[in-house]
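Working notes for the structure below.
Nothing here was measured: the structure is a model prediction, and the numbers come from that model. The sequence lines fix the lettering, A, B, ..., with proteins before strands; numbering per chain opens at 1.
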Amino acid sequence: MAGAAAAGRPWARVCQDTIGKGKAGTKIQCLKAAADALKEGKSVLIDRCNLEREQRSDFVKLGCTVQADVHAVFLDLPAKVCISRSVSRTSHEGNVQGGMAAMVVNRMLKNKQAPLLTEGFSRITFCTDDDDIKKAVDMYSALGPSHSLASGVFGQKSKGPVQTGIMKFLKKADTSSVNKSSGTMVTSSERKTGQQNTTLKQENLEAGGACSMQVEKKLDNLKEKGEQSKERVSSDTSLCTLAFPSISTADFQFDLEKASEVIVDAATDFVQKHDNVRLVLVDLSQKSRILSLVKDKAAKKSFDSSRFFTFVGDITQLHSKGGLQCNVIANAANWRLKPGGGGVNAAIFNAAGEALQHATKECADTLRPGNSVAVPLPSTSPLHQQEGVTHVIHVLGPNMNPMRPDCLKNDYTKGCNVLREAYNSVFENFASIARSYPGKQNDETSSRKSASGVISPNDSKTKREGIDDSERTKKSREEDNKKNGGVTNKTWGSWAQSLYEVAMHPEKYKNADSILEISDEFVVLKDLYPKAKRHVLVISRTDGLDSLADVKKVHLPLLRSLHSAGLKWAHKFLEEDASLTFRLGYHSVPSMRQLHLHVISQDFNSPSLKNKKHWNSFTSAFFLDSVDVMDDVDQHGSATINPDEKLLAMELRCHRCRSAHPNIPKLKSHIGACKSPFPSHLLKKDKLLSVSTGRTGCS
DNA sequence: GTTCTAGAAC
DNA sequence: GTTCTAGAAC
């Protein structure tokens with residue numbers, strides 16, 4: 001179908017299901033048809049699932065080579081909606097319907113990768129319901145030849161600021177309403193009115209697949225981007241990019257010569273150690289002395305110069321004005337992490353709007369020199385929408401200005417050390433964000449380890465659970481905690497005390513047959529509401545150690561004791577029932593106080609497993625394998641936790657074959673029958689125990 | 001963590 | 001009509 005939009009721009013729809021003379025064709029045919037249509041000056045709608053990055057990259061490349069704007073409209077509908085629609089539809093062009101459809105859709109959704117601006121899209125619109133889809137269709141239908149749509153990401157449900165454990169229990173921040181208003185606001189502001197004759201077939205978008213992509217020809221738009229864009233726009237957009245200002249050299253009056261040395265050392269060192277990332281030092285002025293010093297010093301070093309370079313431009317408008325796509329920007333913040341003050345800090349807070357202030361508050365209150373904190377930028381922020389910036393890393397450098405706090409009074413030995421620490425901290429935070437970028441990792445472990453983007457595993461001072469890394473706040477928290485007798489200041493409901501009670505006074509309960517073992521370090525207890533045929537808890541007896549968030553390196557021997565007690569009981573159960581498979585691990589955010597290890601058989605055959613939260617708490621990244629936790633604590637001094645509650649609300653997927661299911665009863669009947677092998681990430685590192693593998697899980 | 005239940009989904 | 005979920009109360 002080629003819909004000639006009412007306003008005049010002709011559209012060509014390229015659909016693989018019909019491209020072979022009305023029948024299904026090949027991707028090559030689609031690419032050719034798209035290229036031809038673009039040559040004829042048409043806008044092109046690629047009506048193809050394109051769920052995986054690699055699948056769509058050829059289309060993106062095509063768009064870029066003819067200098068067209070490439071947009072993605074991502075239909076991010078819940079799996080159960082996709083499945084039920086595809087099953088019940090009739091006369092689908094590709095004949096993906098009926099019983100077969102569930103299987104096909106499940107297989108496709110398994111590999112779903114949300115589009116990123118870094119792939120080369122200039123605009124991405126997320127649609128998560130019918131309303132979003134209608135808006136997107138209306139918007140593109142009404143697009144006239146002189147219209148252009150803003151660049152950036154629209155309608156994405158924010159990953160949101162990381163919720164602290166305490167937030168979860170005190171009150172739920174209503175992120176859903178915030179997100180909704182953002183989506184509506186963006187689309188309605190972009191929507192052209194008065195054009196209702198939809199030339200794009202909405203039903204195709206709704207049922208045909210989860211993702212479609214539009215390649216829009218708009219040469220005039222590109223010209224506006226000016227000189228710099230030509231130079232950089234072609235540069236590699238597959239790299240996760242950090243743009244950063246020179247730290248401390250403006251208001252903090254740090255010596256430029258010395259600063260440039262630190263920058264070049266830290267940056268070249270970093271890019272040599274990390275793949276798939278690039279660093280860009282940004283300054284406003286063409287005559288910037290710090291840029292030329294850094295350029296000169298960098299020229300004398302040998303490293304890949306496309307991975308670290310300097311750029312003249314406004315750090316808040318790098319994409320729109322400079323044509324440089326940066327996922328992450330660093331901010332030369334003040335110690336209070338407050339907006340204002342002029343310079344880069346004021347500019348970034350200004351450009352990012354209130355969303356950044358709120359998100360920052362969720363992550364930290366203050367910052368000390370040499371430290372940084374990464375803040376996920378909500379999708380409501382204009383900086384996110386227009387520039388594609390997903391994170392802001394606030395950093396505080398050393399101060400040489402006697403009019404500002406913590407002046408080092410020209411002590412450049414200390415100053416250089418603090419500046420180096422500051423850059424290293426920023427780069428490490430950036431590295432963990434880069435690792436969590438979809439496509440920059442391919443296993444579940446790495447994604448959950450840094451998914452929040454706030455956690456810096458190499459910096460023991462950096463906060464977890466979205467608290468902060470400042471010593472000031474840490475102290476006050478510790479004082480609060482002392483009063484509670486605990487290490488974290490999470491509040492526990494009365495119902496959350498029972499494990500604590502058992503751990504403190506196991507002798508009181510020793511006659512109960514639910515208690516399997518009591519030692520000085522732990523108590524082994526049958527879970528009162530087992531979520532599988534066999535489900536026991538190994539509860540630590542250390543007072544004040546309530547969850548993984550409290551665990552420090554000193555607790556490593558304890559973790560090992562809990563683990564080996566868990567193994568012992570798993571083996572005992574395997575002797576009784578050789579068909580079982582066991583997994584040992586912790587909940588990222590437990591509901592019950594007192595650190596406890598779950599030992600749970602993987603049949604999940606139990607009437608007590610009743611809801612989505614139950615299921616996801618044992619089968620998503622919310623469940624942290626004991627072996628990983630021990631490694632993590634050993635290497636980093638604490639456990640890396642992703643406290644994102646969204647993990648518990650995720651769609652229901654089989655823990656073996658990853659197929660999606662619309663509800664718990666359907667899921668349970670599937671898992672009762674599924675014989676697929678377990679995912680490879682569980683087969684590694686002896687995370688699963690069974691008789692057939694003969695694994696012990698000890699290594 | 002569970003129980004209860006209104007109301008959404010089928 | 002029944003089934004299932006999700007939020008409040010404990």
Atom-to-atom span, [atom1] of [X] to [atom2] of [N] - whole angstrom:
X	N	atom1	atom2	answer
Y500(A)	dG1(B)	OH	C1'	18 Å
Q497(A)	dC10(C)	CD	P	17 Å
E501(A)	dG1(B)	CD	C1'	16 Å
H614(A)	dC4(C)	NE2	C1'	15 Å
W495(A)	dA8(C)	CH2	P	14 Å

Q: Identify whether any heavy atom of H596(A) sits under 4.0 Å from a base atom; if not, whether one sits that close to sugar-phosphate; answer base, sugar-phosphate or nothing.
A: nothing

Q | Sugar-phosphate, base or nothing in reach of K666(A), heavy atoms under 4.0 Å | A | nothing

Protein-nucleotides 5-7 of chain C N/O pairs under 3.5 Å:
from	atom 1	to	atom 2	distance (Å)
dT5(C)	OP1	I664(A)	N	2.8

Q | Pairs satisfying salt bridge (Lys or Arg N to Asp or Glu O under 4.0 Å), at least one member in residues 497-507 of chain A, at least two apart | A | E501(A)-K508(A)

Solution key, residues 521-529 of chain A side-chain donor-acceptor pairs under 3.5 Å, sequence neighbours excluded:
from	atom 1	to	atom 2	distance (Å)
E521(A)	OE1	S561(A)	OG	2.9
E521(A)	OE2	S561(A)	OG	3.2
D527(A)	OD1	Y529(A)	N	2.8

Q. Considering only heavy atoms from C-beta outward, does the side chain of S606(A) approach that of H535(A) to under 4.5 Å?
A. no

Q | Side chains of R583(A) and Q602(A), donor plus acceptor under 3.5 Å | A | no

Q | Stepwise salt bridge (Lys or Arg N to Asp or Glu O under 4.0 Å) test for K685(A) and D631(A) | A | CA-CA 11 Å; K685(A) 266 174 90 178; D631(A) 280 358; 2.9 Å; yes

(Q) Could you check whether D603(A) pairs with K533(A) (Lys NZ or Arg NE/NH1/NH2 to Asp/Glu carboxylate O, under 4.0 Å)? (A) no

